[in-house]
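First the structure, then my questions, so here it is.
Just follow the structure's listing: the first ligand is 1, and inside any ligand the first atom is 1.
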Amino acid sequence: MKIGILAVQGDFEAHAAMLRSLGAETVEVRAVADLESCDGLILPGGESTTQLQFLQEEGLYDAIRKFAADGRAIFGTCAGAILLATEVKNPPQSSLGLMDMTVLRNAYGRQLASDVFFGPSKLKSEPMEMVFIRGPIIERAGNSLEILAEYAGKPVLVQKGNLLAATFHPELTADSTVHEHFLQIVAKRVMRQAEV
Ligand code: GLN
């Protein structure tokens with residue numbers, strides 16, 4: 001499986017290291033052509049305003065929307081989750097609008113990944129380790145989203161079919177549960193394609 005990671009700025013290297021430790025091939029995505037051979041895509045943390053501008057300038061905005069419409073998997077963490085949301089507040093900004101949720105930017109955690117929080121999830125029985133770096137709060141999650149993890153009563157990991165969004169940074173902990181889950185989403189589609 002080949003996973004593209006948007007590599008404009010932010011912590012794309014940490015995602016690549018985690019995915020490689022799980023046996024996936026990774027490719028840095030900076031142009032539309034980089035996406036072509038990818039089975040999945042990670043939109044990492046960073047600054048969503050800068051990333052959005054880059055996507056629009058490089059034609060990646062439309063290419064990523066098509067990537068999702070083709071059924072290929074996308075995982076957005078923190079700034080990436082902001083890009084996937086249909087509505088962004090604090091301040092308002094446009095987005096890819098692929099997951100029906102309202103997010104409030106810069107709501108949890110400090111600028112440095114110094115605090116670790118724990119919350120319940122559907123992916124494992126023990127509490128899940130969560131690092132927030134000025135992460136967004138999911139203020140509203142539409143009915144089309146499945147809530148996979150929560151912190152302080154708010155969703156922090158949500159899925160809609162091939163799309164996954166986390167307001168925390170699973171790539172900055174030693175726990176690979178969320179990345180393993182993402183690779184399972186990718187694998188399902190790869191297997192379906194192979195059957196056709
Ligand atoms: N504050 C950032 C934003 O709104 C997100 C922070 C992060 O990705 N760690 O884009």
Side-chain angles (χ1 to χ4, degrees), residues 3-19 26 28-30 40-58 60-61 64-65 68 73-119 121 128-141 145 147-152 154-160 163-179 181-182:
I3 310 297
I5 307 173
L6 180 68
V8 186
Q9 47 97 246
D11 63 344
F12 52 90
E13 262 303 332
H15 279 288
M18 177 76 91
L19 289 169
T26 62
E28 294 184 357
V29 172
R30 295 190 185 84
L41 173 68
I42 291 206
L43 301 175
E47 192 50 54
S48 58
T49 313
T50 310
Q51 295 179 352
L52 181 67
Q53 195 181 344
F54 183 86
L55 297 186
Q56 285 164 338
E57 284 169 4
E58 297 301 319
L60 277 162
Y61 181 92
I64 291 174
R65 284 178 55 86
I74 303 181
F75 177 25
T77 56
C78 203
I82 296 170
L83 293 177
L84 289 173
T86 44
E87 190 184 7
V88 181
K89 291 181 173 175
N90 190 36
Q93 103 185 348
S94 67
S95 59
L96 292 161
L98 294 170
M99 296 178 85
D100 179 25
M101 59 182 177
T102 303
V103 298
L104 198 68
R105 292 177 61 199
N106 300 323
Y108 289 114
R110 307 190 213 172
Q111 191 60 44
L112 294 173
S114 46
D115 301 321
V116 177
F117 302 84
F118 289 90
S121 85
M128 185 174 276
E129 200 176 323
M130 299 165 183
V131 170
F132 296 99
I133 306 176
R134 299 183 73 226
I137 277 188
I138 299 176
E139 205 180 59
R140 181 193 62 83
L145 303 190
I147 297 170
L148 294 180
E150 290 183 337
Y151 172 71
K154 294 271 190 213
V156 292
L157 178 66
V158 291
Q159 181 174 348
K160 179 192 168 194
L163 306 175
L164 185 68
T167 60
F168 60 101
H169 289 265
E171 77 285 5
L172 297 182
T173 67
D175 184 348
S176 58
T177 306
V178 183
H179 286 78
H181 180 68
F182 177 62

| Donor-acceptor contact below 3.5 Å, side chain Asn90 vs main chain Leu104 |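 Pair absent, no side-chain N/O of Asn90 close to backbone of Leu104.
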
| field | Proximal atoms of ligand 1 relative to Ser48 (non-hydrogen, under 4.0 Å) | value |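 Reading through ligand 1 atom by atom, the close ones are 3 (C), 4 (O), 10 (O).
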
| query | How far is atom 4 (O) of ligand 1 from its nearest protein heavy atom, and which residue and atom is that? | reply |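 Here the nearest protein heavy atom works out to Arg105 NE, 2.6 Å.
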
| said: Please determine whether any non-hydrogen atom of Gly135 lies less than 4.0 Å from an atom of ligand 1. | reply: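 No; Gly135 lies far enough from ligand 1 that no heavy-atom distance drops under 4.0 Å.
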
| query | Between Ala79, Pro136, Cys78, Gly46, which one has a non-hydrogen atom sitting closest to atom 2 (C) of ligand 1? | reply |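 Nearest heavy atom to atom 2 (C) of ligand 1 lies in Gly46.
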
| said: Tell me whether the rings of His179 and His15 are parallel (<30°), tilted (30 to 60°) or perpendicular (>60°). | reply: tilted

| task | Verify whether one side chain among Ser48 and Gln93 offers a donor that lies under 3.5 Å from an acceptor in the other. | result |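 Their side chains do contain a donor-acceptor pair, which is all the 3.5 Å distance test asks for.
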
| field | is_close_aromatic(Phe168, Phe117), centroid dist under 6.0 Å | value | no

| task | Can you sort out the partners of Thr102 under side chain to side chain contact (heavy atoms under 4.5 Å, CB included), two or more places apart, ordered by chain and number? | result | Glu87, Lys89, Glu139, Arg140

| Is the side chain of Tyr61 donor-acceptor paired with the backbone N or O of Phe54 at a distance under 3.5 Å, no angle test? |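 Checked: no pair found.
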
| field | Selection from Thr77, Ile82, Val88, Asn106 by shortest heavy-atom distance to atom 1 (N) of ligand 1 | value | Asn106

| query | Of all the heavy atoms in His169, does at least one lie under 4.0 Å from an atom in ligand 1? | reply |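 Judged by the 4.0 Å heavy-atom criterion, His169 does count as contacting ligand 1.
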
| query | By number and element, which atoms of ligand 1 are closer than 4.0 Å to a non-hydrogen atom of Gly45? | reply |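 In order of numbering, the contacting atoms are 8 (O).
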
| request: Number the atoms of ligand 1 from 1 as they appear, then name those within less than 4.0 Å of a heavy atom of Arg134, with their elements. | output: 1 (N), 5 (C), 6 (C)

